[in-house]
Amino acid sequence: MEVSLKIENLSAYFGEKKILDSITFDIPSKAITAIVGPSGCGKSTFVRTINRMNDRFENFRTSGRIILDGEDVLSKNYPLESLRMRIGMVFQRPNPFPKSIYENVAFGLKIHGIKDKKTLDESVRSSLKAAAIYEQVKDNLSLNAYKLSGGQQQRLCIARALAVKPEVILLDEPTSAIDPIATKQIEDVLEKLSEDYTIVIVTHNIQQAARIADYIAFIYLGKLVEFGKAEEILTSPKEKLTNDYLTGVYS
Amino acid sequence: MLQKLGKGDVDIFSPHFKKNNVVDSVLWSSGWLSNVIIIAIIFFLFYNWVPLFKTVSPIEFFFGTRWYPTVTPPLYGTLPLLIATIEISLFSLILTFPISIVVTIFMTFIAPKKIRYLIKIFLEFFSSIPSVVLGLIGLSIVSPYLQNTFNLDTGLNVFNASLMLTFLTIPITASMMEDFMVSFPREQIEGAEALGATSIETLWKVILPGLKGPFASIAMLSMGRIFGETMIVLMIAGNAAIFPTSIFDPAKPLSATIAAEMGETAVGTPHFYALFGIGVIIFFITLFINLIGESIRIKYEMEMRRN
Amino acid sequence: MNLYLKKRLRKQKIVFFTISVLAILILVAMMGIIVIIFVKGIRVINWKFLTSLPSFDFYGVPQGGIGPAIVGTFLITGLGLVFSVPLGILGGIFLSEYRTKGKLFNIMRMSVANLAGVPSVVHGLFGMAVFTIFFGLGLSILSASLTLSILALPIVIMVTENAMKNVPDSVREGAFALGAKRWQSALLVVFPAAFSKIMTGVVLSSARIAGETAPILFTGATLYLTYYPHGLNEQFMALPYMIWGLVTTSINISASTPFAYGISIVLIILVAAMNSVAMVSRFVMRKHDVL
Ligand SMILES: Nc1ncnc2c1ncn2[C@@H]1O[C@H](COP(=O)(O)OP(=O)(O)OP(=O)(O)O)[C@@H](O)[C@H]1O
Ligand SMILES: [Mg+2]
């Protein structure tokens, strides 16, 4: 197994409150890793620590390391802009910009200095294709993204993240705000993408993890309880806590 | 204007802003522009006021009881002007505040949704009618009416000015009140209703007491606005620099004095400096009133956030 | 118990009835003011009134029109906005997108609120001291519009700040997650999203600026012009100032009063038009559901 991100002894705090407690495991490259656990256990905090979204909060602190390509992304000198180019993110609620579809996808490239129209066009097209939304919007790329349905918006957000060619894509419960059919479409997209990208997806939904995940990390009260191949975790968990969670004790 | 603190209002950005590039610096400077202007205002007001003290003592300026800038020797006592302003402002606030509450309650509790929406639009529209238009009404309609009905020497007096100022401030006061009323925590209202309280009891015992803080700050902000209003008092306060003893006496408030006399004086004369001195008084008193209003509001919001 | 409840409900009815009567009375009085203005002024309004130069006959009865005052009001309001809107928008963006909990930031925010609370007559004094005298711009369109722009600045800042804050945070996170810098998120994403709201606010506040009198009293407004101004360094007429002049300084006040009402109608229509523009654009925004 090739490793994309090494999480080493990661703890995170909001003020005095310890949200993540000494988490250590390796996130495999070009596979889907699902982060599961009961509500409030720190799943979102975990993924938002990886691309340092939580740096915005005044009282947020971390300790430990997250190694990407031999460098600690939590280090203060690690440039945020390039970190976020390498690690993309998709949120729980679709959050397209109130701009055209085209502008949404091209945004990441534009802010990183790419102006060439041909390159932009090409990248917008291939990203939309990879997110399986191109066929539905190709004739209307100037449509305001807010006019799309929730599922389409979420795929647009995936396309937007793909356009800057990240290595890792973080998704925080990307299907919890959309309908089952759209959920299925997104799951298909993610499976396809996992051939080329490292995917970390937070999910509430064990069934979803079972359907798409190659690996599963189970977090409970900020601690990593168990990490391993999806089938192994789902069929024969080593920890009692995991078993309890899978059999629905917490939900 | 009052603005409520939104959900994302604190903590959402990194604590220490560092200027990173040109754009950040440009934005940062624009943010400070208001501050620079305030300092410039203070500077230029003082710059054109202080020379007055070559001829007039500060005691006389602040506490002198006669404002006769055109007699010889001229007298520059601003006390009667200040008293007139205070009297008019207080009286107008006494009218504005309860009326605005009544209008607000009517809008939020009684009127059907459509009517309420129409009233909102109307208030917004009315609040942007220039004050000089209300001055015109006071001058050409209210004044003769008062004079005839109450058999007065003049209908241009404290009462008339306060009344028209009230019309000026009701729309903004009521719409600020409405904002707070609408965003009053639902849980508290439902809590009262769950105990079987009628709407009026909920209003009386839960909502209005709960809104004491914001309403106090609204009162201050309205007061700040009334205090410096110029055109209405210029046109209808009666322009007599005496101590008004009754609300039917004419008066000469601070702002009206500046507006009425600046045109008749020459740059660099004591009269000119004295008018800037009046500007200083108005500026600092309104600043003070607004700061009190702001701090009440901030205190209230802190409390809200704690709950 | 039942009886007690009945009593309470009856009390509620009485109180609500009284409040309704009072509120309706006051609203009717306010509408009455507008009706009176129209009744008293409508007969002077015609094409000539709106377009021609002012003049008075031998007895001080106004004859001509208010053309230069309309032009003057539009000029100073427009120029005032030209100066204040760009700067105000930048300041508003800073207040909304660079929020911190720091002390300095609070001072900055306080200054905006305080500047907004400065009475317009003080703005007039300041404008005269700085633009007319210190910078030597004299009594002129330029002095007056610069003065108005200072009055408008905090309004534009607050309008911008509020509109920007209304854009959901998730949109900012989307930009940051793509590696956008703070200013890129602010200017390229949040500002365009808030743009129409900002413009609506600016249109609304321009109505207020157009009606201001005190700031232009000593910075360049004049009561009587027999020509249209040729340059920004000349004096100008303005609608609100003309109302004041007609009813307080003219030789024949009773003959001038209907004119003042006529100008009031023009001002009210102007204000109503700006309010409607704002309302329509709000409606359109809601319909298109873009934030
Ligand atoms: N900005 C914040 N400030 C303070 N505490 C926070 C903040 N964000 C999250 N927390 C706290 O961190 C803990 C973990 O939250 P997190 O959102 O990571 O959980 P989660 O596992 O994603 O839950 P869910 O399944 O509900 O999304 C919670 O107790 C939450 O209250
Ligand atoms: Mg979460």
Side-chain angles (χ1 to χ4, degrees), chain B residues 1 3 6 8 10 12-13 15 17 20 23-24 26-28 30-35 37-38 41 44-45 48 99 102-103 105-106 110 119 121 124-126 128-130 132-133 136-137 139-141 167 198-200 224 228 230-231 235 255 258-259 262 267 276 279 282-283 286-287 290 294, chain C residues 8-9 12 15-16 19-20 22-23 26-27 30 33 36 87 90-91 93-95 98-101 108 111-115 117-122 125-126 129-130 133 150 153-154 157-158 162 165 169 183 207-208 211 213-214 217-218 240 243-244 247-248 257 260 264 267-268 271-272 275:
Chain B
M1 277 291 143
Q3 14 170 304
V10 281
I12 67 158
F13 294 121
F17 163 64
N20 298 317
V23 185
D24 288 337
V26 169
L27 291 171
W28 180 83
S30 321
W32 280 113
L33 190 58
S34 304
N35 202 280
I37 292 175
I38 291 208
I41 290 178
F44 276 96
L45 288 180
N48 287 295
I99 293 178
V102 164
V103 172
I105 294 176
F106 180 69
I110 304 175
I119 297 177
I121 293 175
E124 187 164 23
F125 158 68
F126 199 92
S128 38
I129 292 180
V132 69
V133 172
L136 171 64
I137 296 278
L139 186 70
S140 70
I141 292 171
F167 278 109
T198 59
S199 315
I200 187 83
T230 307
M231 293 318 287
M235 290 166 85
S255 55
I258 301 177
M262 191 52 96
V267 177
F276 269 87
I282 297 180
F283 176 83
T286 38
L287 185 69
N290 287 332
E294 276 283 296
Chain C
R8 280 160 62 205
L9 285 177
Q12 159 153 329
V15 175
F16 274 3
I19 288 179
S20 306
L22 289 174
I26 194 78
L27 288 168
M30 289 163 82
I33 288 181
I36 287 174
L87 285 172
L90 292 178
I93 290 178
F94 189 86
L95 283 185
Y98 289 72
R99 260 173 284 171
T100 68
K101 273 179 35 176
M108 186 190 284
S111 310
V112 177
N114 289 334
L115 187 58
V118 170
S120 53
V121 69
V122 174
L125 287 177
F126 177 68
V130 175
I133 301 173
I150 286 180
L153 182 75
I157 292 179
M158 294 198 294
N162 284 338
K165 275 190 184 165
D169 232 19
W183 69 267
R208 231 198 88 189
T213 318
L217 279 178
F218 345 113
I243 294 178
W244 174 77
V247 292
T248 55
T257 303
S264 301
L267 271 175
I268 287 179
V271 165
N275 274 276

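Residue numbers start from 1 in every chain, and the chains themselves are labelled A, B, ... in the order their sequence lines are given, proteins ahead of strands.
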Please rank A129(C), P154(C), A113(C) by heavy-atom pairs under 4.5 Å with chain B and give me the top one.
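Counting heavy-atom pairs under 4.5 Å, the top option is A129(C).
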So what's closer than 4.5 Å to chain C heavy atoms on [X]: side chain, backbone, both or neither?
X: S128(B); result: both
X: I110(B); result: side chain
X: L136(B); result: both
X: F283(B); result: both
X: I99(B); result: side chain

Straight-line distance of [X] [atom1] to [Y] [atom2], nearest 0.5 Å:
X: L287(B); Y: N114(C); atom1: CG; atom2: CG; result: 5.0 Å
X: I37(B); Y: L115(C); atom1: CD1; atom2: CG; result: 5.5 Å
X: F167(B); Y: I26(C); atom1: CZ; atom2: CD1; result: 4.5 Å

So do [Y] and [X] actually touch side chain to side chain, heavy atoms under 4.5 Å?
X: I141(B); Y: I33(C); result: no
X: Y98(C); Y: D24(B); result: yes
X: M235(B); Y: V247(C); result: yes
X: S264(C); Y: I137(B); result: no

Structural part of [X] lying under 4.5 Å from a heavy atom of chain B:
X: L87(C); answer: both
X: P240(C); answer: both
X: L95(C); answer: neither

Hey, which of T230(B), I282(B), I258(B), T286(B) is the one that makes side chain to side chain contact (heavy atoms under 4.5 Å, CB included) with V122(C)?
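The passing option is I282(B).
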Shortest non-hydrogen contact from [X] to [Y]?
X: T198(B); Y: R8(C); result: N-NH2, 4.0 Å
X: M108(C); Y: W28(B); result: CE-O, 4.2 Å
X: V271(C); Y: P130(B); result: CG2-CD, 4.2 Å
X: M262(B); Y: L125(C); result: CE-CD2, 3.3 Å

I need the residue from N35(B), I121(B), L45(B) with the largest number of non-hydrogen atom pairs under 4.5 Å to chain C.
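Max contact count across the listed options: N35(B).
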Pick from L33(B), V103(B), N48(B) with the largest number of heavy-atom pairs that fall under 4.5 Å of chain C
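Option with the top pair count is L33(B).
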Under the 3.5 angstrom rule, does the side chain of E124(B) hit a backbone N or O of N275(C) as a donor-acceptor pair?
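No.
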